[in-house]
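Here is the structure we will look at, set down as structure tokens.
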Amino acid sequence: MKGLCRDERWEDAGALIAEMVRKDCPPDEVTFNTVISYLCHRGLVDCAMEVVEQMPKYGCKPDNFTNSALVNAFSEHRCVDDALELLRTIPWKPNTVCYRSVLKGLCRADRWEDVGKLVAEMIRNQMNLDEVTFGLIIDCLCQKGLVDYGAEVLGEMTKFGCSPDIIMYNSLINGFSENGSVDDALELFKNLSCKRNVVTYNYMLKGLCRAERWEDAGKLVAEMVKDECLLNEVTFSTLISYLCQKGFVECAIEVFEKMPKYNCMPNVIIYSTLINGLSEQECVDDALKLLNDMPCKADTICYSAALKGLCRAERREDAGFLESATEVCELMLKYEYMPNVFIYSSLINGFAEQNRAEDTLKLLRNMQCEPDTICYSAALKGLCRAK
DNA sequence: CTAGGGTTAG
């Protein structure tokens, strides 16, 4: 059942339940809760509710698992007030997980007063306020820029027998570097009361990269290796994307080339980032080489990044880059990738600037997608320039 | 056997 749900094969899941009934092996709460929780995760809240209504027919009653899934889905996919209302209609004392799902919705909606009230209610009901609950609140505060409050909650929670753990520290480090100063983040990073993990390092790295503190970033990675903390794909993605963004594409390439040494495989997004970076730095040949040597399948964004470089080069040097651009387009079609409107408009514009009205028109007429205004304008430009 | 706090990117 779990497998079918994970693959979103809802009809098969329904058929399986029917089969269970037929074979005298009736579905139980666990069966239903599995289906319900997956439906909820996919945002199919109405379907989930329908399944809940089917439960009594099979002698099953919704329990804490059912309700926490629904409350969570209401919080995420609907209005958090629906979640709150559902919490109130549960005919028994809902457990911490159910409460926490509502808290999550309230935190995300920035309804801190209501968060406080609900926490007070939990305390009144002598419910277990655990690390997970505090971790959730701290992270939301940090994400909303209320890092100081996050730090305050971290201090207060010891009253409830909770001690700070690495997940909370990670949220705070990220919060400080995004919404405060990266030095505050570093300060905390250096004085943690528990062992750092790869997420800690990656957050810290992101902060340093954003601040363009490349030397510190380099030192951090060295420290990571020394600490025997394995660099992962996030580490590399972070470095590569920030280096490209800030115009240091050569460094990004160096980092990229080190990936295999750390058992990390670059994915299509990393490739498109690099191709785009090379195109923007007017290294179109390198961009094309990277595109051609990709071990994974290139997607539209990779192609359009390369085309961007080609079209720029064309404008600059009056060379035969548009021919390569057309070739790239053909390559795309060969691999059954649809060039998108952006690609077409770049190409049409490229031909127009070369006064090649015929090619411009031909391209416009043979487009594999709906031309937009920019395509038409570019074609018009070609026609006008050719007289 | 089911639920729950933290990473990256075009």
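Nothing here was measured: the structure is a model prediction, and the numbers come from that model. We use all heavy atoms of the structure for the numbers below, so side chains are in, but hydrogens, waters and symmetry mates are not. Below, read A as the first sequence line, B as the second, and so on, with proteins coming before strands; counting in each chain starts at 1.
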(message) Is the shortest side-chain heavy-atom distance between A/Glu131 and A/Met157 below 4.5 Å?
(response) no
(message) At a heavy-atom distance below 4.0 Å, what parts of residues 35-48 of chain A sit against DNA chain B?
(response) A/Ser37, A/His41
(message) It should be established whether A/Lys2 places a side-chain nitrogen or oxygen under 4.0 Å from OP1 or OP2 of nucleotide B/dT2.
(response) yes
(message) Before you tell me yes or no, could you show the steps for A/Asn232 and A/Thr235 under side-chain hydrogen bond (donor to acceptor under 3.5 Å, both in side chains), namely the whole-Å CA-CA distance, both residues' side-chain angles and the distance that decides it to 0.1 Å?
(response) CA-CA 5 Å; A/Asn232 64 14; A/Thr235 319; 3.0 Å; yes
(message) From OH of A/Tyr169 over to C1' of B/dG5, roughly how many Å is that when rounded to an integer?
(response) 15 Å
(message) Measuring only between side-chain heavy atoms, which start at C-beta, is A/Trp112 closer than 4.5 Å to A/Leu106?
(response) no
(request) Tell whether A/Thr238 reaches the base of B/dT8 with its side chain through a donor-acceptor pair below 3.5 angstrom. (result) no
(request) Round to the nearest Å and state the distance from A/Met168 atom CE to B/dG4 atom C1'. (result) 13 Å
(request) Under 4.0 Å between any heavy atoms, over every strand shown, what does A/Asn95 touch: base, sugar-phosphate, or nothing? Just pick one. (result) base
(request) Apply side-chain contact (heavy atoms from CB on, under 4.5 Å) to the pair A/Arg210 and A/Glu178, showing each step before the final yes or no. (result) CA-CA 9 Å; A/Arg210 260 171 40 117; A/Glu178 297 249 313; 3.6 Å; yes
(message) Suppose we screen for ring-ring contact (aromatic ring centres under 6.0 Å, His included). Which residues come up paired with A/Tyr169, at least two apart in sequence or across chains?
(response) none
(request) Enumerate the residues from residues 62-81 of chain A whose closest heavy atom to DNA chain B is under 4.0 Å, giving them by residue number; use none for an empty result. (result) A/Asn64, A/Phe65, A/Ser68, A/Asn72
(message) Parallel, tilted or perpendicular: which one describes the rings of A/Phe236 and A/Tyr262, with boundaries at 30° and 60°?
(response) tilted
(request) Using the side-chain hydrogen bond (donor to acceptor under 3.5 Å, both in side chains) rule, pick out the option among A/Asp293, A/Asp285, A/Asn292 that qualifies with A/Lys289. (result) A/Asp293
(request) Decide yes or no for A/Tyr201 and A/Phe189: does some side-chain heavy atom of the first lie under 4.5 Å from some side-chain heavy atom of the second? (result) yes
(request) Calculate the interatomic distance between A/Lys104 atom NZ and B/dG4 atom C1'; express it in whole Å. (result) 7 Å
(message) Can you say whether a donor on the side chain of A/Asn232 sits under 3.5 Å from an acceptor on the base of B/dT8, or the other way round?
(response) no
(message) Once side chain to side chain contact (heavy atoms under 4.5 Å, CB included) is applied, do any residues pair with A/Ala378, and if so which ones, sequence neighbours excluded?
(response) A/Ile348, A/Asn349
(request) Please check if the side chain of A/Asp7 supplies one atom and the backbone of A/Arg9 the other of a donor-acceptor pair under 3.5 Å. (result) no
(message) With the threshold set at under 4.0 Å for non-hydrogen atoms, list the residues of residues 244-272 of chain A touching DNA chain B in residue-number order.
(response) A/Asn267, A/Ile269, A/Ser272
(message) Give the residues of residues 130-150 of chain A touching DNA chain B, defined as any heavy atom closer than 4.0 Å, sorted by residue number.
(response) A/Asp130, A/Glu131, A/Val132, A/Gly135, A/Leu136, A/Asp139, A/Gln143
